[in-house]
Amino acid sequence: MDKILIIGAGGQLGAELTLALAKVYGDEHVIATDIKNGDHTAAFARFEVLDVMDAERLAALVDENKITQIYHLAAILSATGEKNPKLAWKLNMDGLINVLDVAKEKQLDKIFWPSSIAVFGPTTPADLTPQHTIMDPNTIYGISKLAGERWCEYYFQKYNVDVRSLRYPGLIGYKSPPGGGTTDYAVDIFFKARTGDAYTCFLNKDSYLPMMYMPDAIRATIDLMEAEKSHIKVRSSYNVSAMSFSPEEIASAIQQIIPTFKITYEPDFRQAIADSWPNAIDDQEAKRDWGWRPQYNLDSMTADILHHLK
Ligand code: SER
């Protein structure tokens, strides 16, 4: 029987993924954890406070609950990471290694750990970025994700830890706020549009970035985790792609539904981060190995979000 521990369940992805996993595996089999109790944690059937830096408590929770799988989502993202690089490095690396070690010692079935398009950098080919290519990230978040990918592959090869990973693009949802990333504008913009406010975007109007609507991200994650072990050929992290757009294009998609919506542009330090990331990602290996297919594009996502935010 699968028994799942989620670390970082209060975050943008965790809040939705936890509820999706509880639907698949049952409330009793999903234990949500986060560093603190927050707005989202009340929605979880089972919740425990856990700081992933506390390896002893992590091991105790795994034992007490007979955990077989961990989804380790806690991290400091790209924009926040630049404000305190050493803290971002420490949390992102030590947290992952604590999880990999507990998986190895207790012979857990599977681990999920998210990587990101942030593993790419300024000299990576920006259009249809291949799975295997130049990786020269220049944010501390990207550096920690690239190092994390190497740790995951290392634990798989040396210790047979079945750790699986996706390089998420910017994730866009309306149920839970994003936490300190460069792609957050594509979430904030919908809330401004819905309340009738103008939006001041912190990126330039023509900054293309790869993005994905949350229902696709949840499905990609669960599909990857449920795939046959022998089908998982990439043990660093899979490129996954759904759509790419610029701030100008998402504003125009919103204006199709809310014609009075207005946007202005005041790029800040996040512009340099966006400039170092790809425009669009080639995800043919995910498609081939475990059947990945996105369902939402910019227009269908925009219509769905604005419908739900009414
Ligand atoms: N959405 C993340 C960020 O902007 C990228 O993984 O930091």
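Keep in mind that this is a model prediction, so the values were computed, not measured. Atoms within a ligand are numbered from 1 in the order they appear, just like the ligands themselves.
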Using the rule given for side chain to side chain donor-acceptor pair (under 3.5 Å), can you reason through E149 versus S165, listing the C-alpha separation, both sets of side-chain angles and the distance that settles it, and then say yes or no?
CA-CA 8 Å; E149 287 190 9; S165 177; 5.6 Å; no

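- Looking at K110 and D2, no side-chain N of the basic residue comes within less than 4.0 Å of a carboxylate O on the acidic one, giving no salt bridge.
- Contact annotation: the side chain of L100 never approaches that of Y154 to less than 4.5 Å [non-hydrogen atoms, C-beta and beyond].
- Atoms of ligand 1 found under 4.0 Å from any heavy atom of S78, numbered from 1 in the order shown, are 3 (C), 4 (O), 7 (O).
- Near W277, meaning under 4.0 Å from one of its heavy atoms, ligand 1 places the atoms 3 (C), 4 (O), 5 (C), 7 (O).
- Per-residue contacts place S116 under 4.0 angstrom from the following atoms of ligand 1 (heavy atoms of the residue considered): 5 (C), 6 (O).
- Listed for the R46 side chain is no donor-acceptor partner under 3.5 Å among the backbone atoms of D27.
- Near T182, meaning under 4.0 Å from any of its heavy atoms, are these atoms of ligand 1: 3 (C), 4 (O), 7 (O).
- Of the N and O atoms on the side chains of T221 and Y168, at least one donor lies less than 3.5 Å from an acceptor on the other residue.
- Considering only non-hydrogen protein atoms, atom 2 (C) of ligand 1 sits nearest to T183 OG1, 4.0 Å.
- Looking at D184 next to ligand 1, no N or O pair under 3.5 Å apart turns up.
- Looking at ligand 1, you'll find an N or O of Y141 within less than 3.5 Å of one of its N or O atoms.
- How far CD1 of I232 is from CZ of F156: 9.5 Å, rounded to the nearest 0.5 Å.
- Residue I117 places no heavy atom under 4.0 Å from ligand 1.
- For N138 (side chain) and G121 (main-chain N/O), no donor-acceptor pair under 3.5 Å exists by modelled atom type.
- In the vicinity of L77, heavy-atom distances shorter than 4.0 Å reach the ligand 1 atoms 7 (O).
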